Protein chains: 2
Amino acid sequence: MAFHLIRKLEQFTRLSSDDKRILEQAASLKVRRLGSREDIFREGDKPRHINLILDGWACRYKVLEDGRRQITALLIPGDLCDVHMFILTRMDHSVGAITPLSVAEIPTDTILEITHGSARLSRAFWWNSLVEEAIAREWVTNLGQREAIERVAHLFCELFLRLRSVGMTNSQASCPSFELPVTQEQLADATGMSTVHVNRTIQEMRERGLIVWKGKTVTIPDLEALQDVALFNANYLHLDHAGQAYDANEP
Amino acid sequence: MAFHLIRKLEQFTRLSSDDKRILEQAASLKVRRLGSREDIFREGDKPRHINLILDGWACRYKVLEDGRRQITALLIPGDLCDVHMFILTRMDHSVGAITPLSVAEIPTDTILEITHGSARLSRAFWWNSLVEEAIAREWVTNLGQREAIERVAHLFCELFLRLRSVGMTNSQASCPSFELPVTQEQLADATGMSTVHVNRTIQEMRERGLIVWKGKTVTIPDLEALQDVALFNANYLHLDHAGQAYDANEP
DNA sequence: AACAAGGGATAACACAGGTTAACGAAGGTC
DNA sequence: GACCTTCGTTAACCTGTGTTATCCCTTGTT
(Lines give C-alpha, C1' and ligand atoms only; values in the text may rest on other atoms or scores of the structure.)
Protein backbone atom coordinates (compact mmCIF):
# COMPACT_ATOMS: atom_id res chain seq x y z
CA MET A 1 0.00 0.00 0.00
CA ALA A 2 2.88 2.30 0.71
CA PHE A 3 4.37 1.49 -2.68
CA HIS A 4 4.54 5.08 -3.90
CA LEU A 5 6.03 6.40 -0.69
CA ILE A 6 8.68 3.69 -0.64
CA ARG A 7 9.52 4.32 -4.25
CA LYS A 8 9.82 8.03 -3.58
CA LEU A 9 11.99 7.68 -0.50
CA GLU A 10 14.27 5.36 -2.42
CA GLN A 11 15.11 8.34 -4.61
CA PHE A 12 16.99 9.48 -1.56
CA THR A 13 18.34 6.31 -0.02
CA ARG A 14 17.88 2.58 -0.39
CA LEU A 15 15.63 1.15 2.25
CA SER A 16 16.07 -2.21 3.94
CA SER A 17 13.29 -4.75 3.74
CA ASP A 18 12.69 -4.03 7.42
CA ASP A 19 12.21 -0.34 6.68
CA LYS A 20 9.76 -1.17 3.92
CA ARG A 21 7.81 -3.55 6.11
CA ILE A 22 7.52 -0.89 8.79
CA LEU A 23 6.19 1.62 6.26
CA GLU A 24 3.74 -0.89 4.78
CA GLN A 25 2.45 -1.65 8.23
CA ALA A 26 2.03 1.99 9.21
CA ALA A 27 0.20 2.71 5.98
CA SER A 28 -2.28 -0.10 6.44
CA LEU A 29 -3.38 0.67 10.00
CA LYS A 30 -6.23 2.91 9.01
CA VAL A 31 -7.26 3.89 5.53
CA ARG A 32 -9.74 6.66 4.92
CA ARG A 33 -11.59 7.20 1.66
CA LEU A 34 -12.84 10.55 0.46
CA GLY A 35 -14.83 11.72 -2.53
CA SER A 36 -13.44 14.43 -4.75
CA ARG A 37 -13.76 17.96 -3.30
CA GLU A 38 -13.98 16.61 0.23
CA ASP A 39 -11.40 17.92 2.66
CA ILE A 40 -8.86 15.77 4.48
CA PHE A 41 -8.56 18.56 7.02
CA ARG A 42 -9.42 22.23 7.21
CA GLU A 43 -7.68 25.37 8.34
CA GLY A 44 -8.25 25.69 12.08
CA ASP A 45 -8.37 21.94 12.73
CA LYS A 46 -6.13 20.35 15.30
CA PRO A 47 -3.57 18.14 13.60
CA ARG A 48 -4.33 14.58 14.70
CA HIS A 49 -2.31 12.22 12.57
CA ILE A 50 -0.06 12.14 9.57
CA ASN A 51 -1.86 11.65 6.28
CA LEU A 52 -0.24 9.63 3.54
CA ILE A 53 -1.79 9.83 0.09
CA LEU A 54 -2.15 6.25 -1.11
CA ASP A 55 -4.24 6.83 -4.19
CA GLY A 56 -5.63 9.87 -5.98
CA TRP A 57 -4.69 13.54 -6.06
CA ALA A 58 -5.13 16.21 -3.41
CA CYS A 59 -4.12 19.81 -2.87
CA ARG A 60 -3.10 22.11 -0.07
CA TYR A 61 -4.94 25.40 -0.31
CA LYS A 62 -5.64 28.64 1.48
CA VAL A 63 -8.75 30.77 1.11
CA LEU A 64 -8.79 34.53 1.67
CA GLU A 65 -11.66 36.22 3.50
CA ASP A 66 -13.22 37.29 0.23
CA GLY A 67 -13.12 33.83 -1.29
CA ARG A 68 -10.03 33.99 -3.46
CA ARG A 69 -8.34 30.60 -3.30
CA GLN A 70 -4.71 29.65 -3.78
CA ILE A 71 -3.54 26.08 -4.16
CA THR A 72 -0.12 26.02 -2.54
CA ALA A 73 0.77 22.43 -3.36
CA LEU A 74 -0.47 19.51 -5.41
CA LEU A 75 -0.26 16.16 -3.64
CA ILE A 76 0.09 12.84 -5.42
CA PRO A 77 0.37 9.26 -4.20
CA GLY A 78 3.33 8.85 -1.90
CA ASP A 79 3.05 12.36 -0.51
CA LEU A 80 3.00 12.72 3.27
CA CYS A 81 1.07 15.59 4.75
CA ASP A 82 3.50 17.15 7.15
CA VAL A 83 5.30 14.59 9.19
CA HIS A 84 5.79 17.02 12.07
CA MET A 85 2.69 19.13 11.84
CA PHE A 86 1.38 17.68 15.10
CA ILE A 87 3.68 20.12 16.87
CA LEU A 88 1.35 22.94 15.87
CA THR A 89 -1.90 23.54 17.65
CA ARG A 90 -3.92 24.51 14.58
CA MET A 91 -3.60 23.91 10.87
CA ASP A 92 -3.05 27.13 8.96
CA HIS A 93 -4.36 25.75 5.67
CA SER A 94 -6.63 23.06 4.28
CA VAL A 95 -5.99 19.94 2.27
CA GLY A 96 -8.72 18.75 -0.06
CA ALA A 97 -9.25 15.86 -2.43
CA ILE A 98 -9.05 16.62 -6.13
CA THR A 99 -10.04 13.10 -7.15
CA PRO A 100 -11.53 10.32 -5.03
CA LEU A 101 -8.82 9.59 -2.55
CA SER A 102 -7.45 6.90 -0.24
CA VAL A 103 -5.42 8.25 2.60
CA ALA A 104 -3.57 6.33 5.28
CA GLU A 105 -3.98 7.94 8.68
CA ILE A 106 -0.78 7.30 10.59
CA PRO A 107 -0.84 8.12 14.31
CA THR A 108 1.85 10.57 15.39
CA ASP A 109 3.11 8.01 17.90
CA THR A 110 3.71 5.54 15.10
CA ILE A 111 5.70 8.15 13.18
CA LEU A 112 7.75 8.92 16.28
CA GLU A 113 8.44 5.21 16.83
CA ILE A 114 9.54 4.86 13.23
CA THR A 115 11.91 7.82 13.33
CA HIS A 116 13.34 6.76 16.67
CA GLY A 117 13.73 3.19 15.52
CA SER A 118 15.42 3.78 12.19
CA ALA A 119 17.96 6.51 11.56
CA ARG A 120 17.63 5.84 7.88
CA LEU A 121 13.87 6.31 7.82
CA SER A 122 14.23 9.34 10.01
CA ARG A 123 16.62 10.90 7.49
CA ALA A 124 14.39 9.85 4.62
CA PHE A 125 11.45 11.68 6.20
CA TRP A 126 13.61 14.75 6.68
CA TRP A 127 14.67 14.60 3.07
CA ASN A 128 11.02 14.36 2.11
CA SER A 129 10.16 17.48 4.15
CA LEU A 130 13.09 19.39 2.72
CA VAL A 131 11.97 18.61 -0.81
CA GLU A 132 8.47 19.81 0.02
CA GLU A 133 9.92 23.07 1.27
CA ALA A 134 12.04 23.39 -1.83
CA ILE A 135 8.95 22.92 -3.96
CA ALA A 136 7.19 25.67 -2.04
CA ARG A 137 10.12 28.04 -2.68
CA GLU A 138 10.05 27.14 -6.34
CA TRP A 139 6.34 27.92 -6.46
CA VAL A 140 7.06 31.34 -4.98
CA THR A 141 9.56 31.90 -7.77
CA ASN A 142 7.13 30.56 -10.32
CA LEU A 143 4.35 32.90 -9.27
CA GLY A 144 6.61 35.88 -8.75
CA GLN A 145 8.79 35.77 -11.84
CA ARG A 146 7.40 33.58 -14.57
CA GLU A 147 4.74 34.73 -16.97
CA ALA A 148 1.72 32.64 -17.86
CA ILE A 149 3.10 30.15 -20.36
CA GLU A 150 6.33 29.68 -18.47
CA ARG A 151 4.39 29.17 -15.28
CA VAL A 152 2.07 26.50 -16.61
CA ALA A 153 4.92 24.78 -18.45
CA HIS A 154 6.92 24.77 -15.23
CA LEU A 155 4.10 23.14 -13.32
CA PHE A 156 3.77 20.46 -15.99
CA CYS A 157 7.52 19.74 -15.84
CA GLU A 158 7.40 19.45 -12.07
CA LEU A 159 4.39 17.17 -12.09
CA PHE A 160 5.90 14.98 -14.75
CA LEU A 161 9.11 14.46 -12.79
CA ARG A 162 7.36 13.93 -9.49
CA LEU A 163 4.96 11.43 -11.00
CA ARG A 164 7.82 9.64 -12.71
CA SER A 165 9.67 9.36 -9.42
CA VAL A 166 6.77 7.33 -8.02
CA GLY A 167 6.22 5.32 -11.17
CA MET A 168 3.09 7.06 -12.38
CA THR A 169 4.10 8.03 -15.90
CA ASN A 170 3.98 6.10 -19.17
CA SER A 171 7.02 6.35 -21.37
CA GLN A 172 6.35 3.84 -24.10
CA ALA A 173 7.30 4.98 -27.59
CA SER A 174 9.65 7.70 -26.39
CA CYS A 175 6.71 10.00 -25.87
CA PRO A 176 6.10 10.31 -22.14
CA SER A 177 2.62 10.89 -20.78
CA PHE A 178 0.77 10.97 -17.50
CA GLU A 179 -2.72 11.25 -16.10
CA LEU A 180 -3.67 14.77 -15.03
CA PRO A 181 -7.03 14.63 -13.24
CA VAL A 182 -7.13 18.37 -12.71
CA THR A 183 -9.56 20.92 -14.12
CA GLN A 184 -8.40 24.16 -15.69
CA GLU A 185 -10.00 25.96 -12.78
CA GLN A 186 -7.80 24.07 -10.32
CA LEU A 187 -4.82 24.80 -12.53
CA ALA A 188 -5.80 28.45 -12.33
CA ASP A 189 -5.93 28.32 -8.52
CA ALA A 190 -2.49 26.71 -8.47
CA THR A 191 -0.85 29.18 -10.84
CA GLY A 192 -2.55 32.35 -9.66
CA MET A 193 -4.19 32.90 -13.05
CA SER A 194 -7.78 33.23 -14.22
CA THR A 195 -9.44 30.19 -15.79
CA VAL A 196 -9.80 32.03 -19.06
CA HIS A 197 -6.13 32.77 -19.23
CA VAL A 198 -5.21 29.23 -18.26
CA ASN A 199 -7.27 28.10 -21.22
CA ARG A 200 -5.63 30.60 -23.57
CA THR A 201 -2.24 29.47 -22.33
CA ILE A 202 -3.03 25.78 -22.81
CA GLN A 203 -4.16 26.56 -26.35
CA GLU A 204 -0.89 28.27 -27.07
CA MET A 205 1.07 25.36 -25.61
CA ARG A 206 -0.88 23.02 -27.89
CA GLU A 207 -0.26 25.16 -30.95
CA ARG A 208 3.43 25.25 -30.17
CA GLY A 209 3.47 21.47 -29.82
CA LEU A 210 4.57 21.58 -26.20
CA ILE A 211 1.83 19.35 -24.86
CA VAL A 212 -1.04 17.19 -25.98
CA TRP A 213 -3.84 17.16 -23.45
CA LYS A 214 -6.87 15.04 -24.26
CA GLY A 215 -9.32 13.94 -21.60
CA LYS A 216 -7.22 13.39 -18.51
CA THR A 217 -4.05 12.39 -20.34
CA VAL A 218 -1.17 14.75 -20.96
CA THR A 219 1.52 13.78 -23.45
CA ILE A 220 4.81 15.61 -23.68
CA PRO A 221 6.24 15.27 -27.18
CA ASP A 222 9.50 17.04 -26.33
CA LEU A 223 10.35 17.35 -22.67
CA GLU A 224 13.42 19.42 -23.31
CA ALA A 225 11.45 21.97 -25.31
CA LEU A 226 8.91 22.21 -22.50
CA GLN A 227 11.66 22.68 -19.93
CA ASP A 228 13.25 25.40 -22.04
CA VAL A 229 10.00 27.33 -22.21
CA ALA A 230 9.58 26.93 -18.45
CA LEU A 231 13.16 27.89 -17.57
CA PHE A 232 12.98 24.66 -15.64
CA ASN A 233 15.84 23.43 -13.49
CA ALA A 234 15.12 20.18 -11.70
CA ASN A 235 17.70 20.56 -8.96
CA TYR A 236 15.09 21.67 -6.41
CA LEU A 237 13.42 18.26 -6.56
CA HIS A 238 16.62 16.62 -5.29
CA LEU A 239 16.01 13.47 -7.29
CA ASP A 240 19.70 12.90 -7.81
CA HIS A 241 20.07 9.67 -5.88
CA ALA A 242 23.12 11.27 -4.37
CA GLY A 243 22.07 10.73 -0.80
CA GLN A 244 23.85 8.03 1.12
CA ALA A 245 23.31 4.63 -0.41
CA TYR A 246 21.96 1.80 1.65
CA ASP A 247 24.70 0.43 3.83
CA ALA A 248 24.23 -3.26 4.47
CA ASN A 249 25.94 -2.94 7.84
CA GLU A 250 23.20 -0.76 9.19
CA PRO A 251 20.26 -2.70 10.58
CA MET B 1 24.40 36.34 21.22
CA ALA B 2 21.53 34.01 20.54
CA PHE B 3 19.14 36.47 22.15
CA HIS B 4 16.81 36.78 19.19
CA LEU B 5 16.64 33.05 18.57
CA ILE B 6 15.88 32.35 22.21
CA ARG B 7 13.23 35.00 22.26
CA LYS B 8 11.67 33.57 19.13
CA LEU B 9 11.68 29.98 20.31
CA GLU B 10 10.06 31.07 23.54
CA GLN B 11 7.05 32.05 21.47
CA PHE B 12 6.58 28.32 21.21
CA THR B 13 7.76 26.97 24.53
CA ARG B 14 9.57 28.19 27.59
CA LEU B 15 13.19 27.18 27.62
CA SER B 16 15.16 26.15 30.69
CA SER B 17 18.31 28.04 31.57
CA ASP B 18 20.22 24.98 30.43
CA ASP B 19 18.59 25.13 27.02
CA LYS B 20 19.47 28.78 26.74
CA ARG B 21 23.05 28.22 27.75
CA ILE B 22 23.36 25.49 25.12
CA LEU B 23 22.04 27.82 22.44
CA GLU B 24 24.27 30.67 23.52
CA GLN B 25 27.26 28.40 23.37
CA ALA B 26 26.41 27.03 19.94
CA ALA B 27 25.92 30.54 18.61
CA SER B 28 29.25 31.79 19.84
CA LEU B 29 31.47 29.02 18.44
CA LYS B 30 32.13 30.73 15.17
CA VAL B 31 30.78 34.03 14.01
CA ARG B 32 31.11 35.15 10.40
CA ARG B 33 30.69 38.71 9.24
CA LEU B 34 29.56 39.69 5.77
CA GLY B 35 29.12 42.94 3.95
CA SER B 36 25.78 43.76 2.38
CA ARG B 37 25.15 41.97 -0.92
CA GLU B 38 27.59 39.23 -0.06
CA ASP B 39 26.23 35.70 -0.10
CA ILE B 40 26.17 33.39 2.91
CA PHE B 41 25.92 30.50 0.46
CA ARG B 42 25.01 30.04 -3.16
CA GLU B 43 22.86 27.67 -5.12
CA GLY B 44 24.95 24.59 -5.89
CA ASP B 45 27.03 24.79 -2.71
CA LYS B 46 27.30 21.84 -0.38
CA PRO B 47 25.52 22.61 2.87
CA ARG B 48 28.22 22.68 5.55
CA HIS B 49 26.73 24.08 8.71
CA ILE B 50 23.62 25.71 10.03
CA ASN B 51 23.60 29.49 9.78
CA LEU B 52 21.95 31.54 12.49
CA ILE B 53 21.38 35.21 11.76
CA LEU B 54 22.67 37.11 14.78
CA ASP B 55 22.51 40.63 13.44
CA GLY B 56 21.33 42.23 10.20
CA TRP B 57 18.94 41.19 7.45
CA ALA B 58 19.37 38.56 4.75
CA CYS B 59 17.24 36.94 2.07
CA ARG B 60 16.81 33.60 0.39
CA TYR B 61 16.60 34.01 -3.35
CA LYS B 62 16.55 32.13 -6.61
CA VAL B 63 17.77 33.43 -9.95
CA LEU B 64 16.40 32.25 -13.30
CA GLU B 65 18.71 31.62 -16.25
CA ASP B 66 17.82 34.96 -17.76
CA GLY B 67 18.55 36.91 -14.61
CA ARG B 68 15.11 37.41 -13.13
CA ARG B 69 15.41 37.14 -9.38
CA GLN B 70 12.87 36.13 -6.76
CA ILE B 71 13.40 36.63 -3.06
CA THR B 72 11.62 33.68 -1.43
CA ALA B 73 12.16 34.69 2.18
CA LEU B 74 13.40 37.59 4.24
CA LEU B 75 15.59 36.58 7.17
CA ILE B 76 15.97 38.61 10.33
CA PRO B 77 17.94 38.11 13.53
CA GLY B 78 16.99 34.85 15.19
CA ASP B 79 16.31 33.10 11.90
CA LEU B 80 18.00 29.75 11.36
CA CYS B 81 18.89 28.75 7.83
CA ASP B 82 17.51 25.29 7.50
CA VAL B 83 18.29 23.19 10.50
CA HIS B 84 18.20 19.98 8.47
CA MET B 85 19.50 21.17 5.15
CA PHE B 86 22.73 19.20 5.59
CA ILE B 87 20.80 16.13 4.44
CA LEU B 88 20.79 17.52 0.92
CA THR B 89 23.84 17.32 -1.27
CA ARG B 90 23.42 20.71 -2.92
CA MET B 91 21.66 23.91 -2.03
CA ASP B 92 18.89 24.73 -4.47
CA HIS B 93 18.89 28.44 -3.71
CA SER B 94 21.13 31.18 -2.38
CA VAL B 95 21.08 33.24 0.77
CA GLY B 96 22.54 36.74 0.61
CA ALA B 97 23.10 39.59 3.02
CA ILE B 98 20.82 42.60 2.66
CA THR B 99 22.65 44.61 5.31
CA PRO B 100 26.03 43.94 6.90
CA LEU B 101 25.52 40.71 8.73
CA SER B 102 26.79 38.60 11.58
CA VAL B 103 26.02 34.94 11.25
CA ALA B 104 26.79 32.13 13.67
CA GLU B 105 28.02 29.04 11.86
CA ILE B 106 26.82 26.06 13.85
CA PRO B 107 28.30 22.69 12.90
CA THR B 108 25.73 20.08 11.98
CA ASP B 109 27.11 17.81 14.70
CA THR B 110 26.41 20.46 17.29
CA ILE B 111 22.82 20.73 16.09
CA LEU B 112 22.43 16.97 16.23
CA GLU B 113 23.84 16.90 19.76
CA ILE B 114 21.43 19.60 20.80
CA THR B 115 18.38 17.90 19.35
CA HIS B 116 19.38 14.54 20.77
CA GLY B 117 20.13 16.05 24.14
CA SER B 118 16.96 18.09 24.63
CA ALA B 119 13.54 16.98 23.47
CA ARG B 120 12.30 20.48 24.13
CA LEU B 121 14.89 22.13 21.91
CA SER B 122 14.33 19.49 19.29
CA ARG B 123 10.63 20.31 19.25
CA ALA B 124 11.38 24.02 19.27
CA PHE B 125 13.54 23.62 16.18
CA TRP B 126 10.78 21.67 14.49
CA TRP B 127 8.29 24.36 15.35
CA ASN B 128 10.66 26.89 13.84
CA SER B 129 10.92 24.91 10.60
CA LEU B 130 7.17 24.47 10.41
CA VAL B 131 6.64 28.20 10.77
CA GLU B 132 9.15 28.83 7.98
CA GLU B 133 7.21 26.46 5.76
CA ALA B 134 3.96 28.14 6.68
CA ILE B 135 5.48 31.48 5.72
CA ALA B 136 6.50 30.06 2.36
CA ARG B 137 2.94 28.86 1.75
CA GLU B 138 1.63 32.27 2.71
CA TRP B 139 4.01 33.88 0.23
CA VAL B 140 2.66 31.60 -2.49
CA THR B 141 -0.82 32.82 -1.61
CA ASN B 142 0.38 36.40 -1.48
CA LEU B 143 1.94 36.26 -4.93
CA GLY B 144 -0.84 34.24 -6.47
CA GLN B 145 -3.93 35.99 -5.15
CA ARG B 146 -3.22 39.41 -3.75
CA GLU B 147 -2.88 42.50 -5.90
CA ALA B 148 -0.08 45.01 -5.50
CA ILE B 149 -1.20 47.07 -2.51
CA GLU B 150 -2.54 44.05 -0.65
CA ARG B 151 0.69 42.24 -1.31
CA VAL B 152 2.99 44.94 -0.02
CA ALA B 153 0.72 45.59 2.95
CA HIS B 154 0.76 41.89 3.75
CA LEU B 155 4.54 41.78 3.70
CA PHE B 156 4.69 44.76 6.05
CA CYS B 157 2.27 43.11 8.46
CA GLU B 158 4.29 39.93 8.45
CA LEU B 159 7.57 41.72 9.00
CA PHE B 160 6.14 43.78 11.80
CA LEU B 161 4.88 40.74 13.69
CA ARG B 162 8.04 38.73 13.12
CA LEU B 163 10.22 41.61 14.23
CA ARG B 164 8.07 42.16 17.26
CA SER B 165 8.37 38.51 18.22
CA VAL B 166 12.14 38.96 18.52
CA GLY B 167 11.93 42.35 20.20
CA MET B 168 12.94 44.46 17.24
CA THR B 169 10.05 46.92 17.07
CA ASN B 170 9.43 50.19 18.86
CA SER B 171 6.00 50.71 20.24
CA GLN B 172 6.32 53.85 22.27
CA ALA B 173 3.44 56.31 21.89
CA SER B 174 1.00 53.70 20.60
CA CYS B 175 2.42 54.10 17.13
CA PRO B 176 4.53 51.07 16.37
CA SER B 177 7.54 51.30 14.11
CA PHE B 178 10.49 49.24 12.95
CA GLU B 179 13.68 49.53 10.96
CA LEU B 180 13.34 48.34 7.37
CA PRO B 181 16.79 48.29 5.76
CA VAL B 182 15.45 47.15 2.41
CA THR B 183 15.47 48.98 -0.91
CA GLN B 184 12.41 49.23 -3.10
CA GLU B 185 14.19 47.03 -5.60
CA GLN B 186 14.55 44.27 -3.02
CA LEU B 187 10.90 44.74 -2.09
CA ALA B 188 10.12 44.30 -5.78
CA ASP B 189 12.09 41.06 -5.93
CA ALA B 190 10.24 39.80 -2.87
CA THR B 191 6.76 40.67 -4.11
CA GLY B 192 7.20 39.80 -7.76
CA MET B 193 6.56 43.39 -8.84
CA SER B 194 8.57 45.95 -10.80
CA THR B 195 10.43 48.61 -8.84
CA VAL B 196 8.35 51.31 -10.45
CA HIS B 197 5.15 49.69 -9.34
CA VAL B 198 6.48 49.10 -5.84
CA ASN B 199 7.12 52.82 -5.68
CA ARG B 200 3.64 53.67 -6.96
CA THR B 201 2.19 51.28 -4.39
CA ILE B 202 4.21 52.76 -1.53
CA GLN B 203 3.03 56.22 -2.56
CA GLU B 204 -0.56 55.07 -2.43
CA MET B 205 -0.05 53.49 0.99
CA ARG B 206 1.39 56.77 2.20
CA GLU B 207 -1.51 58.77 0.80
CA ARG B 208 -3.97 56.44 2.46
CA GLY B 209 -2.14 56.82 5.77
CA LEU B 210 -1.30 53.15 6.02
CA ILE B 211 2.42 53.62 6.56
CA VAL B 212 5.01 56.30 7.13
CA TRP B 213 8.36 55.32 5.65
CA LYS B 214 11.21 57.78 6.09
CA GLY B 215 14.82 56.75 5.73
CA LYS B 216 14.95 53.21 7.03
CA THR B 217 12.13 53.61 9.55
CA VAL B 218 8.60 52.41 8.91
CA THR B 219 5.81 53.58 11.20
CA ILE B 220 2.39 51.97 11.20
CA PRO B 221 -0.21 54.47 12.38
CA ASP B 222 -3.04 51.95 12.36
CA LEU B 223 -2.07 48.29 12.30
CA GLU B 224 -5.61 47.10 12.00
CA ALA B 225 -6.22 49.23 8.93
CA LEU B 226 -3.08 47.85 7.35
CA GLN B 227 -4.13 44.30 8.13
CA ASP B 228 -7.56 44.93 6.63
CA VAL B 229 -6.05 46.15 3.39
CA ALA B 230 -3.75 43.12 3.33
CA LEU B 231 -6.46 40.57 4.17
CA PHE B 232 -3.95 39.57 6.81
CA ASN B 233 -4.54 36.65 9.14
CA ALA B 234 -1.68 36.01 11.53
CA ASN B 235 -2.47 32.39 12.27
CA TYR B 236 0.23 31.11 9.92
CA LEU B 237 2.93 32.65 12.10
CA HIS B 238 1.87 30.42 15.00
CA LEU B 239 2.77 33.03 17.58
CA ASP B 240 0.00 31.92 19.88
CA HIS B 241 2.11 30.72 22.80
CA ALA B 242 -0.16 27.70 22.79
CA GLY B 243 2.60 25.15 22.56
CA GLN B 244 3.36 23.17 25.66
CA ALA B 245 4.58 25.36 28.46
CA TYR B 246 7.87 24.71 30.16
CA ASP B 247 7.54 21.78 32.46
CA ALA B 248 9.92 22.05 35.39
CA ASN B 249 10.12 18.27 35.66
CA GLU B 250 11.83 17.95 32.33
CA PRO B 251 15.57 18.38 32.49
C1' DA C 1 -34.63 10.40 -24.67
C1' DA C 2 -34.58 14.54 -22.20
C1' DC C 3 -32.38 17.21 -19.03
C1' DA C 4 -29.03 19.36 -15.94
C1' DA C 5 -24.46 20.47 -14.56
C1' DG C 6 -19.74 20.90 -15.02
C1' DG C 7 -15.99 21.85 -17.81
C1' DG C 8 -13.78 23.67 -21.94
C1' DA C 9 -13.37 27.19 -25.68
C1' DT C 10 -13.72 31.98 -27.51
C1' DA C 11 -14.51 36.82 -28.17
C1' DA C 12 -14.70 41.69 -26.67
C1' DC C 13 -13.33 44.82 -23.59
C1' DA C 14 -10.99 46.84 -19.43
C1' DC C 15 -7.27 47.74 -16.52
C1' DA C 16 -3.39 46.54 -13.38
C1' DG C 17 1.01 46.51 -13.72
C1' DG C 18 5.33 46.33 -16.79
C1' DT C 19 8.68 49.13 -19.50
C1' DT C 20 11.39 52.90 -20.66
C1' DA C 21 13.23 57.10 -19.67
C1' DA C 22 14.51 61.08 -17.25
C1' DC C 23 15.56 63.67 -13.06
C1' DG C 24 16.72 64.63 -8.32
C1' DA C 25 18.31 63.57 -3.62
C1' DA C 26 21.41 61.28 -0.56
C1' DG C 27 25.54 59.29 0.68
C1' DG C 28 30.32 57.67 -0.16
C1' DT C 29 35.03 58.65 -1.97
C1' DC C 30 39.06 61.07 -3.34
C1' DG D 1 34.31 70.63 -2.51
C1' DA D 2 33.63 67.91 -6.73
C1' DC D 3 32.37 63.68 -8.40
C1' DC D 4 30.04 59.28 -8.73
C1' DT D 5 26.81 55.82 -7.61
C1' DT D 6 22.75 54.17 -5.69
C1' DC D 7 18.13 54.87 -4.67
C1' DG D 8 13.72 57.03 -4.96
C1' DT D 9 10.28 59.48 -7.81
C1' DT D 10 7.38 60.47 -11.66
C1' DA D 11 5.40 60.49 -16.40
C1' DA D 12 4.01 58.34 -20.77
C1' DC D 13 3.05 54.51 -23.01
C1' DC D 14 2.23 49.60 -23.82
C1' DT D 15 0.84 44.76 -22.95
C1' DG D 16 -0.35 40.70 -20.42
C1' DT D 17 -3.88 39.17 -17.97
C1' DG D 18 -8.48 39.70 -15.70
C1' DT D 19 -13.54 40.17 -16.49
C1' DT D 20 -17.82 39.21 -18.45
C1' DA D 21 -20.56 36.77 -21.33
C1' DT D 22 -21.79 33.07 -24.62
C1' DC D 23 -21.81 28.68 -26.62
C1' DC D 24 -20.74 23.93 -27.00
C1' DC D 25 -19.56 19.39 -25.55
C1' DT D 26 -19.41 15.65 -22.38
C1' DT D 27 -21.11 13.04 -18.70
C1' DG D 28 -24.24 11.55 -15.45
C1' DT D 29 -29.26 11.32 -13.94
C1' DT D 30 -34.04 10.24 -14.13
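Predicted, not measured: the structure shown is a model, and the values here were computed from it. Residue numbering restarts at 1 for every chain, and letters A, B, ... go by the order of the sequence lines.
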Residue list, salt bridge (charged side-chain N to carboxylate O under 4.0 Å, His left out) with Arg137(B), at least two apart or on another chain: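 Expected list: Asp92(A).
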Set of residues satisfying salt bridge (charged side-chain N to carboxylate O under 4.0 Å, His left out) with respect to Arg69(B), sequence neighbours excluded: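 By the salt bridge (charged side-chain N to carboxylate O under 4.0 Å, His left out) rule, Arg69(B) matches Asp189(B).
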So does [X] have more than 12 non-hydrogen atoms from other groups sitting under 6.0 Å from [atom1]?
X         : atom1 : answer
Gln203(B) : CD    : yes
Arg32(A)  : CZ    : yes
Arg90(B)  : CZ    : yes

Which part of the nucleic acid does [X] contact within heavy-atom distance under 4.0 Å: base, sugar-phosphate only, or nothing?
X         : result
Arg206(A) : sugar-phosphate
Gly215(B) : nothing
Arg37(B)  : sugar-phosphate

Nucleotide [N], atom [atom2] - distance to [atom1] of [X] in whole Å:
X         : N       : atom1 : atom2 : result
Trp213(B) : dG8(D)  : CH2   : C1'   : 10 Å
Arg146(A) : dT17(D) : CZ    : P     : 14 Å
Lys216(B) : dT6(D)  : NZ    : C1'   : 11 Å
Ile149(A) : dG16(D) : CD1   : P     : 12 Å
Asn199(A) : dC25(D) : CG    : C1'   : 13 Å
Glu147(B) : dT17(D) : CD    : P     : 16 Å
Asp189(B) : dC7(D)  : CG    : P     : 12 Å
His197(B) : dC14(D) : NE2   : C1'   : 15 Å

Contact boundaries on DNA chain C for chain A, cut-off under 4.0 Å to non-hydrogen atoms: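 That gives a stretch of dG7(C) to dA12(C).
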First of Thr195(B) and Arg200(B) reached from the 5' end of DNA chain D, by closest nucleotide: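 Result of the comparison: Thr195(B).
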Candidate list Gln70(B), Lys62(B), Arg68(B), test side chain to side chain donor-acceptor pair (under 3.5 Å), partner Gln145(A), passing option: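 Testing Gln145(A) for a side chain to side chain donor-acceptor pair (under 3.5 Å) against Gln70(B), Lys62(B), Arg68(B) leaves exactly one candidate, Gln70(B).
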Given dG8(D), dA11(D), dG18(D), the nucleotide with the shortest approach to the side chain of Thr183(B):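 Minimum distance to the Thr183(B) side chain belongs to dG8(D).
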Aromatic ring pairing Phe156(B)/Phe178(B), orientation class (parallel under 30°, perpendicular over 60°, tilted between):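 Geometry flag for Phe178(B) against Phe156(B): perpendicular rings.
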